[in-house]
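Quick caveat: nothing in here was measured; it's all calculated off a predicted structure. Letters go in sequence order (proteins before strands), and every chain restarts at 1.
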Amino acid sequence: MTLKIYNTLTRQKEKFVPFKKGRVGIYVCGPTVYDHPHIGHAKSYISFDVVVRYLRHLGYKVRYVQNITDVGHLTDNADAGEDKIEKRAKLEQVEPMELVEMYMRSYYEDMDALNNIRADISPRATGHIPEQIELAEKLIDKGFAYEANKSVYFDVSKLKDYGKLSGRKLDEQESGARIEINPEKKHPADFALWKKAEAGHIMKWNSPWGVGFPGWHLECSVMSMKYLGETFDIHGGGIENVFPHHECEIAQSETANEMPFARYWMHNNMVTVEGQKMGKSLGNFVTLKDAFKLFSPLTIRFFVLNTHYSSPIDYSNEGLDAADKGLERLHNTIRNLRERLGSSGNEGAVATGDWKGKLEKYKNNFEEAMDEDFNTAEALAVLFNLTKEVNNLLNSDEEISEGVLSEVDSLYRTYGGNVLGIVPEKTVQHDSDDADVYKMEEDLIKALIDTRNELREAKQWEQADKIRDKLSELGIIIEDKKEKVAWRKK
RNA sequence: GGCGGCAUGGCCAAGUGGACUAAGGCAGUGGAUUGCAAAUCCAUUAUCCAGGGUUCGAAUCCCUGUGCCGCCUCCA
């Protein structure tokens, strides 16, 4: 079995062979931290989180770098307009760096909730200004960039393969169609490496060309090569960044290093809301903090993974409701399984017979799905097929060996937990971490269940149902099973 | 105007030439189980946007048309 990845650069699915045996370097474009993260961030970073998790599952030693863009770049286009971070900072009446800190924390808070494992290195653009200046100088020295009015631009016409990622040709672009042509540029498609700071600009640094700030594309080139080397394995990002951002990164990096840049380019698709792209400038975005009020982070994660990363998803309450129920079903089975696991009492640490083969089959099916360009939708289907069979097993009257139970549980932990991140370590019934509250809550519920059982024995159904209904209103679901009465939180 | 993508059951969504008599989730219907529920199980629901072509064989490849979306300005 070999992992295959769709490479935007070659426009085909390719076998994944890392640059250095056993190791993978991956760089994913991070957020610009000037607002709370939204559903779009969730899709992107969940997708790449699973990529990293699966690569690690396959045994690769992965170094995952994801930048934090903490210098604003510009509101209107790459070369004009106001710095987004400054603009927002003024609005909120805080220092730009204060704003950055605030939203960076917000970002991590939400990503942690979504169960994304943090990157190994999270470099910040403002922490790499000298390197960015150095790269711009190098490009000038090589004759691929020029200074104009204290700004520096990359000379696109010097590069024969500019456009190889996005499939664009310079002369086919309708320059100036939507933005005004900057007269400082030799060619309309030239892009800024360094911009002169106009009066009143706050976030600025000294440079050989005067006081200014770096162009947007430069940071990713600099930080990826610094931490992953001039050539590295995977570069990921949103599909909307293929052009110009990633195209420009390639131009800068490959010109400077005279080496291939990223070997596999992965692009995740967009989130739409009512069929329309969700964009910062469109103002129709749903923040994760708002979404979390209605749905659990794991439900959102499951919803995202139910569609291939390269397909768009439409965010809707109906869609999330459906996902919520599906995930609940999976969790129910796992909880039942784990309850049974501690109590079956019979020995035999490994699965034998039918189940040995079945588990092997499910593992293979899961990995085959993931090997096909991280097909999480199909991988989830494999888990649901398993779930049906596990439910049948748990419902049957036959004795189940501890080995089977524990191997099924470990399959859920490995694939549902470690790889997809949708199966929690513990299936907890409580919200509270406080041991005293936890204990009291449990005792109270048990007391009510005991009372209800007495009523049931006396066939006083009305009273018994009243307790069940009341508990249900409080979010506690009672399930009368053959052997005992179980409860769980909704 | 240029470049790219998508169109699969009521909804969401895999599958991209032959075990597809099309995965999986949600919803519906009928049944089993239950004091009633909950949970679970069983059964049931599609010929793949339209038309043409290639092929022994197509949802899957090619052409035409229709509709939707993204990029060419910041954006995950």
Side-chain angles (χ1 to χ4, degrees), chain A residues 8 11 28-32 37-48 69 72-81 84 163 166-169 171-175 177-180 189 216 236-245 267-272 275-282 285 302-303 306-308 310-314 316 318-330 332-333 335-336 365 369 372 375-385 387-388 390-392 394-396 456 459 461-462 464-465 468-469 472 477-482 486-488:
Chain A
T8 311
R11 261 153 267 209
V28 174
C29 286
T32 302
H38 53 66
I39 298 289
H41 293 107
K43 173 162 164 74
S44 182
Y45 299 121
I46 288 168
S47 301
F48 288 112
T69 297
H73 304 302
L74 305 168
T75 47
D76 295 332
N77 67 62
D79 309 318
K84 281 182 289 193
S166 56
R168 283 156 210 273
K169 294 187 179 69
D171 46 1
E172 281 172 358
Q173 301 302 300
E174 200 177 351
S175 308
R178 295 167 72 188
I179 55 167
E180 282 191 27
W216 175 37
I239 198 169
E240 80 284 358
N241 281 331
V242 173
F243 189 90
H245 188 228
H267 292 281
N268 75 281
N269 217 123
M270 318 291 289
V271 176
T272 56
Q276 282 289 111
K277 174 190 171 179
M278 182 172 72
K280 287 182 181 173
S281 53
L282 294 171
F285 63 87
F302 176 80
F303 176 71
N306 228 337
T307 305
H308 189 86
S310 64
S311 300
I313 49 172
D314 193 55
S316 69
E318 299 74 55
L320 267 295
D321 277 334
D324 191 50
K325 288 185 181 137
L327 183 62
E328 192 187 356
R329 202 156 85 77
L330 191 67
N332 280 342
T333 298
R335 192 184 46 253
N336 290 156
N365 288 166
E372 283 299 320
N375 193 336
T376 53
E378 199 179 319
L380 280 171
V382 174
L383 290 188
F384 275 102
N385 286 330
T387 296
K388 184 170 278 186
V390 171
N391 282 328
N392 270 320
L394 293 174
N395 285 345
S396 73
R456 288 171 72 218
K459 297 203 187 308
W461 308 122
E462 218 172 289
D465 289 352
R468 188 175 63 197
D469 293 345
S472 170
I477 309 295
I478 299 291
E479 293 177 11
D480 299 332
K481 298 188 181 180
K482 269 180 227 154
W487 67 275
R488 65 188 160 94

**Request:** In whole angstrom, give the distance that lies between atom NZ of A:K277 and atom P of B:G5.
**Result:** 18 Å
**Request:** Would you check if the side chain of A:D314 reaches a backbone N or O of A:G275 as a donor-acceptor pair within less than 3.5 Å?
**Result:** yes
**Item:** Most 5' of A:G30 and A:A464 on RNA chain B, judged by nearest nucleotide
**Value:** A:A464
**Prompt:** Which whole number of Å gives the distance between the C1' atom of B:C3 and that of B:A14?
**Reply:** 28 Å
**Asked** Which residues pass the side chain to side chain donor-acceptor pair (under 3.5 Å) test with A:N269, sequence neighbours left out?
**Response** none
**Asked** Any donor and acceptor pair, going by atom type alone, linking the side chain of A:S472 with main-chain N or O of A:R468 inside 3.5 Å?
**Response** no
**Prompt:** How close or far is atom P of B:A27 from atom CG of A:L320, stated in whole angstroms?
**Reply:** 14 Å
**Request:** Among the candidates B:A14, B:G35, B:G2, find the nucleotide nearest to the side-chain atoms of A:R168.
**Result:** B:G2
**Request:** Looking only at side-chain atoms of A:A381, point me to the closest of B:A76, B:C26, B:G24.
**Result:** B:G24
**Asked** Contact class for A:D324 vs. all strands (heavy atom < 4.0 Å): base, sugar-phosphate, or nothing?
**Response** nothing
**Message:** Measuring from the side chain of A:F243 (C-beta onward, heavy atoms only), which nucleotide among B:A39, B:C69, B:C72 has the closest atom?
**Reply:** B:C72
**Message:** So A:S316, base contact, sugar-phosphate only, or nothing? Heavy-atom distance under 4.0 Å.
**Reply:** nothing
**Message:** Please classify the nucleic acid contact of A:F302 as base, sugar-phosphate, or nothing, using heavy-atom distances under 4.0 Å.
**Reply:** nothing
**Asked** A:H308 side chain: which of B:C69, B:A76, B:A14 is closest?
**Response** B:A14
**Prompt:** Expressed as a whole number of Å, how far does the C1' atom of B:G1 sit from that of B:G57?
**Reply:** 41 Å
**Request:** Specify the residue among A:N392 and A:A322 whose closest nucleotide of RNA chain B lies further upstream toward the 5′ end.
**Result:** A:A322
**Complete:** Between the CZ atom in A:F302 and the CG atom in A:L320, the distance rounded to the nearest 0.5 Å is 11.0 Å
**Asked** Among B:A76, B:G70, B:C41, which is the nearest nucleotide to the side chain of A:N395?
**Response** B:C41
**Request:** Kindly indicate, with the supporting measurements, whether the criterion side chain to side chain contact (heavy atoms under 4.5 Å, CB included) is fulfilled by A:W487 and A:E479.
**Result:** CA-CA 6 Å; A:W487 67 275; A:E479 293 177 11; over 6 Å; no
**Message:** Between B:A7 and B:C48, how many Å separate the two P atoms, rounded to a whole number?
**Reply:** 14 Å
**Asked** Which whole-number value in Å describes the distance from A:E240 CD to B:C69 C1'?
**Response** 14 Å
**Prompt:** For B:G28, which nucleotide in any strand shown is its Watson-Crick or wobble partner with both distances under 3.5 Å?
**Reply:** B:U44
**Message:** Once you apply a heavy-atom cut-off of 4.0 Å, does A:H245 come out as touching a base, just sugar-phosphate, or nothing?
**Reply:** nothing
**Request:** Give a yes/no on whether any side-chain N or O of A:N306 is located under 4.0 angstrom from OP1 or OP2 of B:A13.
**Result:** no
**Asked** The side chain of A:F384 lies closest to which of these nucleotides: B:U40, B:A13, B:G24?
**Response** B:G24
**Message:** In this structure, how many angstroms lie between the P atom of B:A23 and the CG atom of A:L383, rounded?
**Reply:** 18 Å
**Item:** A:W461 ring over B:G35 six-membered base ring, under 5.5 Å and 30°
**Value:** yes
**Message:** Between B:U8 and B:G35, how many Å separate the two C1' atoms, rounded to a whole number?
**Reply:** 45 Å
**Message:** Looking at the base of B:C36, is there any donor atom on it, or on the side chain of A:D480, that sits under 3.5 Å from an acceptor on the other one?
**Reply:** yes
**Prompt:** Under 4.0 Å: is that the gap between some side-chain N or O of A:S311 and OP1 or OP2 of B:A14?
**Reply:** yes
**Message:** We want to know whether A:N332 and A:R329 form a side-chain donor-acceptor pair, criterion being a heavy-atom distance below 3.5 angstrom.
**Reply:** no
**Per A:I477 side chain, nearest of listed nucleotides B:A38, B:A76, B:A23** = B:A38
**Asked** Touch check for A:D321, heavy atoms < 4.0 angstrom, all strands: base, sugar-phosphate only, or nothing?
**Response** nothing
**Message:** Between A:K388 and B:C42, is there a contact of a side-chain N or O with OP1 or OP2 at under 4.0 Å?
**Reply:** yes
**Message:** Taking any heavy-atom pair under 4.0 Å as a contact, classify A:I478: base, sugar-phosphate, or nothing.
**Reply:** base
**Asked** Going by a 90° cut-off around 0, is B:A43 syn or anti?
**Response** anti
**Asked** What is the nucleic acid contact for A:S166, judged by heavy atoms within less than 4.0 Å: base, sugar-phosphate only, or nothing?
**Response** sugar-phosphate
**Request:** Using the P atom as the reference point in each nucleotide, state the distance between B:G65 and B:G2 in Å, no decimals.
**Result:** 13 Å
**Request:** May I ask you to decide if A:L383's main-chain N or O and A:T387's side chain share a donor-acceptor pair within less than 3.5 Å?
**Result:** yes
**Request:** Determine the minimum heavy-atom distance between A:C29 and A:H245, stating which atoms define it.
**Result:** SG-CE1, 3.6 Å
**Asked** Roughly, in whole Å, what's the span from CD in A:E318 to C1' in B:A13?
**Response** 16 Å
**Prompt:** Starting at CD1 of A:I313 and ending at P of B:A13, how long is that distance when rounded to a whole Å?
**Reply:** 9 Å
**Prompt:** What orientation do A:H41 and A:H38 show, parallel under 30°, tilted 30 to 60°, or perpendicular over 60°?
**Reply:** tilted
**Prompt:** Which value, in whole Å, describes the distance between the P atoms of nucleotides B:A59 and B:U47?
**Reply:** 12 Å
**Request:** Would you indicate what A:K43 reaches in the nucleic acid, counting non-hydrogen atoms under 4.0 angstrom: base, sugar-phosphate, or nothing?
**Result:** nothing
**Message:** Does A:V382 reach a base, just sugar-phosphate, or nothing at all? Heavy atoms under 4.0 Å.
**Reply:** nothing
**Message:** Using only modelled atom types and a 3.5 angstrom limit, is any donor from either the side chain of A:R329 or the base of B:C26 paired with an acceptor on the other?
**Reply:** no
**Prompt:** Below 4.0 angstrom from OP1 or OP2 of B:A76, is there any side-chain N or O of A:N268?
**Reply:** no
**Request:** Nearest 0.5 Å please: distance from the CG atom of A:N395 over to the CG atom of A:N336.
**Result:** 8.5 Å
**Message:** Without decimals, in angstroms, what is the distance between A:N385 CG and B:G24 P?
**Reply:** 5 Å
**Message:** At less than 4.0 Å, is any side-chain N or O atom of A:K325 found next to OP1 or OP2 of B:A27? Yes or no.
**Reply:** yes
**Request:** Mind checking A:G238 for me? I need base, sugar-phosphate or nothing, with any heavy atom below 4.0 Å counting as a touch.
**Result:** sugar-phosphate
**Asked** Does B:A38 pair with anything, Watson-Crick or G-U wobble, both distances under 3.5 Å, and if so, with which nucleotide?
**Response** none
**Request:** Determine which nucleotide pairs with B:A14, using a 3.5 Å limit on both distances of a Watson-Crick or G-U wobble pair.
**Result:** none
**G-U wobble or Watson-Crick pairing nucleotide for B:G67 (cut-off 3.5 Å, both distances)** = B:C6
**Complete:** Across every strand shown, the nucleotide meeting Watson-Crick or G-U wobble geometry with B:U60 (both distances under 3.5 Å) is none
**Prompt:** If you look at every strand shown and take non-hydrogen atoms under 4.0 Å, does A:N391 touch a base, only sugar-phosphate, or nothing?
**Reply:** sugar-phosphate
**Message:** When you measure only distances, ignoring hydrogens and angles, does the side chain of A:N375 come within 3.5 Å of the base of B:G15 through a donor and an acceptor?
**Reply:** no
**Message:** So A:E479, base contact, sugar-phosphate only, or nothing? Heavy-atom distance under 4.0 Å.
**Reply:** base
**Message:** What's the gap between B:C69 and B:A22 when it is taken at their C1' atoms, as a whole Å value?
**Reply:** 25 Å
**Item:** B:G17 to B:C62 separation - C1' atoms, rounded to the nearest Å
**Value:** 13 Å
**Message:** Taking any heavy-atom pair under 4.0 Å as a contact, classify A:G275: base, sugar-phosphate, or nothing.
**Reply:** sugar-phosphate
